[in-house]
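Hydrogens, waters and symmetry mates are skipped; everything else that's a heavy atom, side chains included, is used. Atoms within a ligand are numbered from 1 in the order they appear, just like the ligands themselves.
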Amino acid sequence: MKVTEHIKNAKGKTLFSFEIIPPQKGSNIQELYNNIDPLMEFKPPFIDVTTSREQHVYIEKDGLLDRKITRMRPGTVGICASLKYKYNVDTVPHVLCGGFSKEETEYLLVDCHYLGIENVMALRGDAMSHQKYFEPSKGGHLYANELVKQIQNLNKGKYLHDVIEADDKADFCIGVAGYPEKHLEAPSLQTDLKRLKHKVDCGADYVVTQMFFDNKKYFEFVKAAKQAGIHVPIIPGIKPISIKKHLQLLPQVFKIDLPEELINAVENCKDNKAVRQVGVEWCVQQSKELQDAGVPVLHYYSMGKSDNIKAIAEALF
Ligand code: FAD
């Protein structure tokens, strides 16, 4: 079922969902299942599976370092299919512009369609670590709105190059990313909102936000988005802090602010076990306020071990 249909069927009740990251290639998938198993009792209607960009790896050969490009966490569509059929849950593969040509994206979407996957998140992806700015692959998309258009074309039975007359159309529900504290490259929040509106006008059905730790940022974003003419569901994406290093890492990577009260609480922790507890308590408090405000879904970024997400879900669902 589509994410938007799940939201409609919930009739105002807040749903629980989460995002997982494929394991590094060479790792056993059982560990992923072990982390998902405890979360299934909270009946997530859908689970997101991220896609990692390719990266450089260095291989020593005859005393010299040889640079290769590889994707360390492949398997997004395979994992989506395995979770869908193992748990009877809808899955949402993240589809990236970065690292893919339009042709490769079309093949991936055809695979998803045949596997009965009905939702996709359309994302640009970040620049690779050696690049200052995002660069599309040869024959790939520059912005997520172009990817949204390609997916919508498939929904109309329009394939690349018009080489076939389709008698079977895809029917993907499309999610896109939104940034309550603006995307790091955007010159202003207002400009970023205009671009989000453009993604929705191109055919996005719902928005999932970047993580935030102050609900005020989300509420103001939703209000500004409505004023900008965005009327699709805006799902809050939230993450419990789990290590002290997050205080530097999250603002550095995502250009987001952390509230003073949270920073102080984390700084006063004697070890990361205590930080994990602070992260859970903060996230429960954030989630309760969002739930009371009637958000459609609480979507959790679960990086690996799921005990903290389970503790949060137990307090809410
Ligand atoms: P876009 O919507 O294309 O926006 C990128 C930037 O370009 C923004 O600053 C925007 O304002 C600007 N822009 C957009 N359109 C135009 C235009 N027409 N002209 C000029 N400027 C424009 N990354 C991954 O690698 N894998 C994942 O699985 C993944 N999942 C994510 C899930 C969520 C919920 C979120 C919030 C992010 C996720 N990301 C993921 C990160 C995302 O790929 C990065 O934040 C990326 O830098 C931007 O992606 P986007 O889809 O928002 O891009």
Novice: Which atoms from ligand 1 have a heavy atom of T50 less than 4.0 Å away?
Specialist: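 Counting atoms of ligand 1 from 1, those under 4.0 Å from T50 are 28 (O).
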Novice: Strictly below 4.0 Å, N to O, side chains only: are R276 and D307 in salt-bridge contact?
Specialist: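 A salt bridge is present here (some side-chain N lies under 4.0 Å from a carboxylate O).
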Novice: To the nearest 0.5 angstrom, please state how far the CG atom of L290 sits from the CG atom of L316.
Specialist: 9.5 Å
Novice: One residue to check: L184. Relative to ligand 1, which of side chain, backbone, both or neither has a non-hydrogen atom less than 4.0 Å away?
Specialist: neither
Novice: Side chain, backbone, both or neither: which part of R195 has a heavy atom under 4.0 Å from ligand 1?
Specialist: side chain
Novice: Which distance, rounded to the nearest 0.5 Å, do you find between the CD of E181 and the CD of E220?
Specialist: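 E181 CD to E220 CD: 10.0 Å, rounded to 0.5 Å.
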Novice: Closer than 4.0 Å to some heavy atom of E185 - which atoms of ligand 1 meet that?
Specialist: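 So the atoms of ligand 1 that pass are 9 (O).
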Novice: Write down the atom of G99, the atom of R71, and the distance for their closest heavy-atom approach.
Specialist: O-NH2, 3.5 Å
Novice: Hey, is F254 touching ligand 1 through its side chain, its backbone, both or neither, going by heavy atoms under 4.0 Å?
Specialist: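 No part of F254 comes within reach of ligand 1.
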Novice: Check whether the side chains of T50 and H94 place a donor and an acceptor atom closer than 3.5 Å, and report yes or no.
Specialist: no
Novice: Would you check whether H198 has a nitrogen or oxygen atom less than 3.5 angstrom from a nitrogen or oxygen atom of ligand 1?
Specialist: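 There is no such contact.
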Novice: Which atoms of ligand 1 have any heavy atom of L96 under 4.0 Å away?
Specialist: 24 (C), 25 (O), 26 (N)
Novice: Show which atoms of ligand 1 fall inside a sub-4.0 Å distance from at least one heavy-atom site of A177.
Specialist: 35 (C), 36 (C), 52 (O)
Novice: Could D66 and K68 be called an ion pair, given the rule that one side-chain N must be under 4.0 Å from one carboxylate O?
Specialist: yes
Novice: Students should be able to answer this: which protein heavy-atom is nearest to atom 51 (O) of ligand 1, and at what distance?
Specialist: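 Nearest protein contact, heavy atoms only, for atom 51 (O) of ligand 1 is R124 N, 2.9 Å.
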Novice: One residue to check: F134. Relative to ligand 1, which of side chain, backbone, both or neither has a non-hydrogen atom less than 4.0 Å away?
Specialist: neither
Novice: Hey, is the main chain of V95 close enough, under 3.5 Å, to the side chain of T51 for a donor-acceptor pair?
Specialist: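 Judged by distance alone, no pair lies under 3.5 Å.
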Novice: Considering only protein heavy atoms, which is closest to atom 7 (O) of ligand 1, and at what distance to one decimal place?
Specialist: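 So the nearest neighbour among protein heavy atoms is Y143 CE2, 3.4 Å.
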Novice: Please indicate whether any nitrogen or oxygen in H94 is less than 3.5 Å from any nitrogen or oxygen in ligand 1.
Specialist: yes
Novice: Hey, is ligand 1 close enough to H183 that some N/O pair sits below 3.5 Å?
Specialist: yes
Novice: Judged by atom type as modelled, is there a donor-acceptor pair below 3.5 Å linking the side chain of N35 to the main-chain atoms of E31?
Specialist: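 Pair found, side chain donor or acceptor close to backbone of E31.
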Novice: Charged N to carboxylate O under 4.0 angstrom, K244 versus E267?
Specialist: no
Novice: Got an N/O contact under 3.5 Å between D192 and ligand 1?
Specialist: yes
Novice: Which residue supplies the protein heavy atom nearest to atom 34 (C) of ligand 1, what is that atom called, and how far is it?
Specialist: Y301 OH, 3.2 Å
Novice: On the ring face of F134, is R124 found with NZ or CZ under 6.0 Å from the centre and within 45° of the axis?
Specialist: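 Yes, R124 and F134 form such a contact.
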Novice: For ligand 1, is G237 a contact, meaning one of its heavy atoms is under 4.0 Å away?
Specialist: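 G237 does not count as a contact of ligand 1 under the 4.0 Å cut-off.
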Novice: Taking distance alone, with N or O pairs closer than 3.5 Å, would you say D126 contacts ligand 1?
Specialist: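 Checking ligand 1 against D126, an N or O pair does fall under 3.5 Å apart.
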Novice: Are any non-hydrogen protein atoms located under 4.0 Å from atom 4 (O) of ligand 1?
Specialist: no
Novice: With under 30° as parallel and over 60° as perpendicular, where do the rings of F172 and H113 fit, or are they tilted in between?
Specialist: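 Perpendicular: the ring planes of F172 and H113 meet at over 60°.
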Novice: For atom 45 (O) of ligand 1, grab the closest protein heavy atom and report residue, atom and distance to one decimal in Å.
Specialist: Y179 OH, 2.7 Å
Novice: Would K305 and S242 count as having a side-chain donor-acceptor pair, cut-off 3.5 Å?
Specialist: no
Novice: I'd like to know if the side chain of Y159 pairs up with that of N153 as donor and acceptor (distance under 3.5 Å, no hydrogens or angles considered).
Specialist: no
Novice: Below the 3.5 angstrom mark, is there an N/O of L123, backbone or side chain, next to an N/O of ligand 1?
Specialist: no
Novice: To check your reading of the model: name the closest protein heavy atom to atom 2 (O) of ligand 1, its residue, and the distance in Å.
Specialist: K199 NZ, 2.8 Å
Novice: Any nitrogen or oxygen of T51 lying under 3.5 Å from a nitrogen or oxygen in ligand 1? Just yes or no.
Specialist: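 It does: an N or O of T51 is found under 3.5 Å from an N or O of ligand 1.
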Novice: Do M121 and ligand 1 have an N or O pair less than 3.5 Å apart?
Specialist: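 No, M121 has no N/O under 3.5 Å of an N/O on ligand 1.
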Novice: Is Q210 close to ligand 1, meaning an N/O of one under 3.5 Å from an N/O of the other?
Specialist: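 For ligand 1, there is no N or O atom that lies under 3.5 Å from one belonging to Q210.
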Novice: State the atoms of ligand 1, each with its element, that fall below the 4.0 Å cut-off from a heavy-atom position in V208.
Specialist: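 Counting from 1, the qualifying ligand atoms are 34 (C).
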Novice: Less than 3.5 Å apart, any donor N or O on the side chain of E5 or N9 sitting next to an acceptor on the other?
Specialist: no
Novice: Does ligand 1 come near enough to R53 that some N or O of the ligand is less than 3.5 Å from an N or O of the residue?
Specialist: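 In this structure, R53 places no N or O atom under 3.5 Å from an N or O of ligand 1.
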Novice: Can Q277 and E281 be counted as having a side-chain donor-acceptor contact under 3.5 angstrom?
Specialist: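 Short answer, yes.
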Novice: Please could you name the atoms of ligand 1 that A186 approaches to less than 4.0 Å, counting only its heavy atoms?
Specialist: 9 (O), 11 (O)
Novice: Are any of the side-chain nitrogens in D292 or K288 under 4.0 Å away from the carboxylate oxygens of its partner?
Specialist: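 Salt bridge flag = no for K288 with D292.
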